[in-house]
Amino acid sequence: MTKKERFNKVFPILEQKFQVPITALNYETPYQLLIAVILSAQCTDVRVNIVTKELFKIVKGPKDLAEMDLKEIEKHIRSTGFYKNKAKNIQMCSRQLLEKYNGEVPNTMEELRGLAGVGRKTANVVLGDIWNIREGIVVDTHVKRLSNRIGFVKSDNPEIIEKELMKFIPKKHWFEYSHYLILHGRDKCIARKPKCEICEIKEYCKYYETNLKKNKEKS
DNA sequence: CTCCCGATAT
DNA sequence: ATATCAGGAG
């Protein structure tokens, strides 16, 4: 089975399962989404939402973080991990927005990448969720894990994975693909103990195939 | 490549 | 105890 054939089997199943993909992060404005995504690095979306629920009561726009004491920012976001870097980044990012973009969130990959704490993954999420722009495929830890397990790629490098995926996934599905894999990764294809037995796409998954063989050899 | 780093499931 | 969580910067 080629990668494209495998994709054509898997994608409709995930599409049926998750329907319209929506972000699990809570926010009211593009600026708040940007901050939430920066905070979500190596942290569960659930934890980010707990933090932003309080933070966004006092942070409505870039001015609020630009002027806030760094220690106070750290105190608010501490439980998301990497809190010193993240505090510095979201404050610097807010100041950059005020200086360069009149306080608005820019809508190009290049401009977003120039902001503190914003890498390719964060930029892709903001572009997709706010402006519905498909600049690329969001490759986070879930997309990386599932793409390897299913058999779409063999790599740990997010940029290589993104390039490989773009070869056989139609551009119109790029944004949905990431969301579906992230959702499915949280639901069934969990990192530590994947629920292969009840997985909807197991018959098209190399990881399940390998496990089946191992189990049959044992018995 | 290493470091950043707390919370949670196993 | 250890792996893992919507990664990015130096």
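Fair warning: this is a prediction, and the values are worked out from it, not measured in the lab. Below, chain A is the first sequence line, B the second, and so on; all start at residue 1.
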If stacking means aromatic ring centre less than 5.5 angstrom from the base's six-membered ring centre, planes under 30°, is A:Phe82 stacked on C:dG7? yes
Give the rounded distance in Å between these two atoms: [atom1] of [X] and [atom2] of [N].
{"X": "A:Ile35", "N": "C:dG8", "atom1": "CD1", "atom2": "P", "answer": "14 Å"}
{"X": "A:Asn26", "N": "C:dA6", "atom1": "CG", "atom2": "C1'", "answer": "13 Å"}
{"X": "A:Ile77", "N": "B:dC4", "atom1": "CD1", "atom2": "C1'", "answer": "12 Å"}
{"X": "A:Leu112", "N": "C:dA9", "atom1": "CG", "atom2": "P", "answer": "12 Å"}
{"X": "A:Phe175", "N": "C:dA6", "atom1": "CZ", "atom2": "C1'", "answer": "11 Å"}

Please work out which of the three classes, parallel, tilted or perpendicular, describes the rings of A:Tyr180 and A:Phe11, given edges at 30° and 60°.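 Tilted: the ring planes of A:Phe11 and A:Tyr180 meet at 30° to 60°.
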If the threshold is 4.0 Å, N to carboxylate O, is there a salt bridge linking [X] and [Y]?
{"X": "A:Glu200", "Y": "A:Lys17", "result": "yes"}
{"X": "A:Lys206", "Y": "A:Glu209", "result": "no"}
{"X": "A:Glu54", "Y": "A:Lys57", "result": "yes"}
{"X": "A:Glu110", "Y": "A:Arg113", "result": "no"}

N/O-N/O pairs, protein side and nucleotides 7-10 of chain B side, under 3.5 Å:
{"from": "B:dA7", "atom 1": "O3'", "to": "A:Arg47", "atom 2": "NH2", "distance (Å)": "2.7"}
{"from": "B:dT8", "atom 1": "OP1", "to": "A:Arg47", "atom 2": "NH2", "distance (Å)": "2.6"}
{"from": "B:dA9", "atom 1": "N3", "to": "A:Arg192", "atom 2": "NH1", "distance (Å)": "2.2"}

Mind checking the [atom1] distance from [N] to [M]? Whole angstroms is fine.
{"N": "C:dA1", "M": "B:dC4", "atom1": "P", "answer": "23 Å"}
{"N": "B:dC1", "M": "C:dA6", "atom1": "P", "answer": "23 Å"}
{"N": "B:dA7", "M": "C:dG8", "atom1": "P", "answer": "22 Å"}

Set of residues satisfying side chain to side chain donor-acceptor pair (under 3.5 Å) with respect to A:Ser147, sequence neighbours excluded: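 Side chain to side chain donor-acceptor pair (under 3.5 Å) list for A:Ser147, sorted by chain: A:Tyr177.
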When you get a sec, tell me which of C:dT4, B:dC4, C:dG7 is the closest nucleotide to the side chain of A:Ala191? C:dT4
